[in-house]
Enquirer: 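I have a structure here, written as structure tokens, and I will follow up with some questions on it.
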Amino acid sequence: MINIVWLALLSIGILVAGFSCLGIEITSAGWIMEPSWEPLMNMTNSVFEEAKHAVTLAFGLVGIMALWLGIMKIAEKSGLINVIARGLKPIMVWLFPEVPADHPAMGSIIMAMAASMLGLGNAATPLGLKAIGELQKLNKIKDTATNAMCTYMAMSTSSVTIIPATIIGIRAASGSTNPTEIIGPVIVATGVSTTVAIIMSKLLQKLPRYQLPKVDGVVETIEEN
Amino acid sequence: MFQNIVNGLSVLAIPLILLFIPIYGYFKKVKVYEVFTEGAKEGFEVAIKIIPFLVAIFLAISVFRSSGAMDFLAWILSPITNAIGMPGEILPLAFMRPLSGSGALGIVSNLVTTYGPDSMIGRIASVMMGSTETTFYILAVYFGSVSVRKTRHALPAALTADLAGIISSVVICHILFD
């Protein structure tokens, strides 16, 4: 599906920009046409700008990733994550039945969710990448997402937020009389969307078109490579 | 008061984590410095691995936005959004939110300064931004980092959840602030 969405965004965008170049304007006296290359030129400039931006962003992430993976390693080696994970075990076991309760993936998922709950966006990303990496270790068909991965991704993309720090900052900066009044509504809305994410992922994984392929016999052929 | 607590929590969270985890590790007989560097080594690999996925997503989004296709889509769907009480001005945000965090933040900043943070548009935009995530970006980057290409039901489940978040943002703001 991401293939179709990506292609659609790209091709529809280019077609719309091309059409804009005709410069058709509807007036009361009918329509007039003022062709110009400007929309396509602007689009091309924006594409190069954004491609460059993607790489700057990734390099900007190196330091933060290193920092968090370093701290996570200490938390992992000291057994801290296991302590936290043990407390949340009943919920996690229900959410991710395929993952063994004491697997490192459980701890990583909990840490990533804790970070995103506090609005620590930059901290949550490396923790989340670590979590999906751990889930991949349990995956028998490496290019296909497991049920646990789909549940985890649906939950993290629905954003379990308690403190939307950036938004509060923007509201305060633009002179709101009560910048934090949105915290309550945000918790409710995020609760609704996360509940829907869990229910949908559990329901959809039962549909025939989303079934995992049979593993028996396939594992051997993968390992031969 | 509450704002102070919330701000304090945001400010303190990272320093507390940076303090607590190494100290806890030290008392659990972990060689904290060596273990930290061992973990940090992986940081570079992960960041480099996601570049192709970032470029792909940024490319599609910049084309869709800069061409004006985003505005056109918002215009086509305006009958539906009017039905659930969503102001038309919010629509570009609803589309941008799953695609690009920085893009969505730009739209929210723009809406809040144009219509005022305490207007209905400003409030709905704030709640929507705070309660949803950049779904496509997260899916592409996370699945990309482990080379998973067949994502099964992850995208439909995530998009349904986004839709639920967007609609409930609108509904909750109408209930609380109307």
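Here is the naming used below: chain letters follow the sequence lines, and residue numbers restart at 1 for every chain. The structure presented is a predicted model; accordingly, all values stated were derived computationally and were not measured.
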Enquirer: With only heavy atoms counted, which part of B:Ser109 is less than 4.5 Å from chain A, the side chain, the backbone, both or neither?
Expert: both
Enquirer: Are A:Thr157 and B:Phe136 close enough that some pair of their side-chain heavy atoms sits under 4.5 Å apart?
Expert: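 The answer is no; the side chains never approach within 4.5 Å.
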Enquirer: Nearest 0.5 Å, what's the CE-CD distance between A:Met153 and B:Glu133?
Expert: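 Going from CE on A:Met153 over to CD on B:Glu133, the span is 10.0 Å.
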Enquirer: With a 4.5 angstrom heavy-atom cut-off, is it the side chain or the backbone of A:Ser11 that approaches chain B, or both, or neither?
Expert: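 For A:Ser11, neither part sits under 4.5 Å from chain B.
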Enquirer: Quick one: pull up OG in A:Ser201 and CZ in B:Arg152 and give me the separation to the nearest 0.5 Å.
Expert: 10.5 Å
Enquirer: Working to the nearest 0.5 Å, report the span between CD of B:Glu38 and CD1 of A:Ile74.
Expert: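 Output value for this atom pair is 10.5 Å.
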Enquirer: Measure A:Gln136 against the heavy atoms of chain B and call it side chain, backbone, both or neither at under 4.5 Å.
Expert: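 Just the side chain, heavy atoms under 4.5 Å.
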Enquirer: With rounding to the nearest 0.5 angstrom, report the OG to CD1 distance, B:Ser131 to A:Ile182.
Expert: 9.0 Å
Enquirer: Can you give me the closest heavy-atom contact between B:Ile138 and A:Ser156, atom names plus distance?
Expert: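 Minimum heavy-atom contact is CD1-O, 4.1 Å.
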Enquirer: Side chains of B:Tyr142 and A:Met149: closer than 4.5 Å at any heavy-atom pair?
Expert: no
Enquirer: Contact between A:Ile71 and B:Pro22 at the side-chain level, heavy atoms closer than 4.5 Å - yes or no?
Expert: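 In short, these two side chains touch, coming nearer than 4.5 Å.
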Enquirer: Write out, in numerical order, the residues from residues 111-118 of chain B with a heavy atom short of 4.5 Å from a heavy atom in chain A.
Expert: B:Val112, B:Thr113, B:Pro117, B:Asp118
Enquirer: What are the two closest non-hydrogen atoms of B:Ala157 and A:Leu204, and how far apart are they?
Expert: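 Closest pair (atom of B:Ala157, atom of A:Leu204, distance): N-CD1, 3.7 Å.
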Enquirer: Shorter than 4.5 Å, heavy atoms on both sides: which option in A:Ala197, A:Ala189, A:Ala17 has the most such pairs with chain B?
Expert: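 Looking at each option in turn, the highest pair count goes to A:Ala189.
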Enquirer: Contact part of B:Ile48 toward chain A, heavy-atom cut-off under 4.5 Å: side chain, backbone, both or neither?
Expert: side chain
Enquirer: Non-hydrogen atoms of chain A under 4.5 Å away: do they reach the side chain of B:Val141, the backbone, both or neither?
Expert: both
Enquirer: With a 4.5 angstrom heavy-atom cut-off, which part of B:Phe177 approaches chain A: side chain, backbone, both or neither?
Expert: side chain
Enquirer: Would you say A:Glu181 and B:Arg123 make side-chain contact, with heavy atoms under 4.5 Å?
Expert: yes
Enquirer: Just so I understand: if I count every heavy-atom pair under 4.5 Å between each of A:Leu67, A:Asn42, A:Ile12 and chain B, which residue has the most?
Expert: A:Leu67
Enquirer: So which of A:Ile198, A:Val188, A:Thr177 has the largest heavy-atom pair count under 4.5 angstrom toward chain B?
Expert: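 Of A:Ile198, A:Val188, A:Thr177, A:Thr177 has the most heavy-atom pairs under 4.5 Å with chain B.
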Enquirer: With a 4.5 angstrom heavy-atom cut-off, could you sort out which part of A:Tyr152 is near chain B: side chain, backbone, both or neither?
Expert: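 Side chain of A:Tyr152 only, per the 4.5 Å heavy-atom cut-off to chain B.
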Enquirer: Pair A:Asp143, B:Arg149 - check salt bridge (Lys or Arg N to Asp or Glu O under 4.0 Å), show working.
Expert: CA-CA 5 Å; A:Asp143 69 338; B:Arg149 270 176 296 274; 5.1 Å; no
Enquirer: Would a 4.5 Å heavy-atom cut-off, applied to side chains only, mark B:Val30 and A:Ser78 as touching?
Expert: yes
Enquirer: Identify which part of B:Ala125 has an atom lying under 4.5 Å from any heavy atom of chain A, answering side chain, backbone, both or neither.
Expert: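 Neither part; nothing is under 4.5 Å.
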Enquirer: Has the side chain of A:Glu50 got a donor or acceptor atom that lies under 3.5 Å from a matching backbone atom of B:Ser62?
Expert: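 Here the side-chain-to-backbone pair does not exist.
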Enquirer: At what distance, to the nearest 0.5 angstrom, does SG of A:Cys150 lie from CG of B:Leu155?
Expert: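 If I round to the nearest 0.5 Å, the distance is 10.0 Å.
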Enquirer: Not counting sequence neighbours, which residues clear ring pair (Phe, Tyr, Trp, His ring centres under 6.0 Å) with B:Phe20? List them please.
Expert: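 Here the qualifying residues are B:Tyr24.
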Enquirer: Using every non-hydrogen atom in the two residues, find where B:Ala164 and A:Val196 come nearest and quote the distance to one decimal.
Expert: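 Result for this residue pair: CB-CG2, 3.6 Å.
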Enquirer: Report which part of B:Lys28 has an atom under 4.5 Å of a heavy atom belonging to chain A: side chain, backbone, both, or neither.
Expert: side chain
Enquirer: Please look at B:Ile21 and chain A and tell me whether the side chain, the backbone, both or neither of the residue comes under 4.5 angstrom of a heavy atom of that chain.
Expert: both
Enquirer: Using non-hydrogen atoms and a 4.5 Å limit, figure out which bit of A:Asn147 sits close to chain B: side chain, backbone, both or neither.
Expert: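 Interface part for A:Asn147: both.
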Enquirer: Heavy-atom distances under 4.5 Å only: say whether A:Pro185 touches chain B with side chain, backbone, both or neither.
Expert: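 Both the backbone and the side chain of A:Pro185 come within 4.5 Å of chain B.
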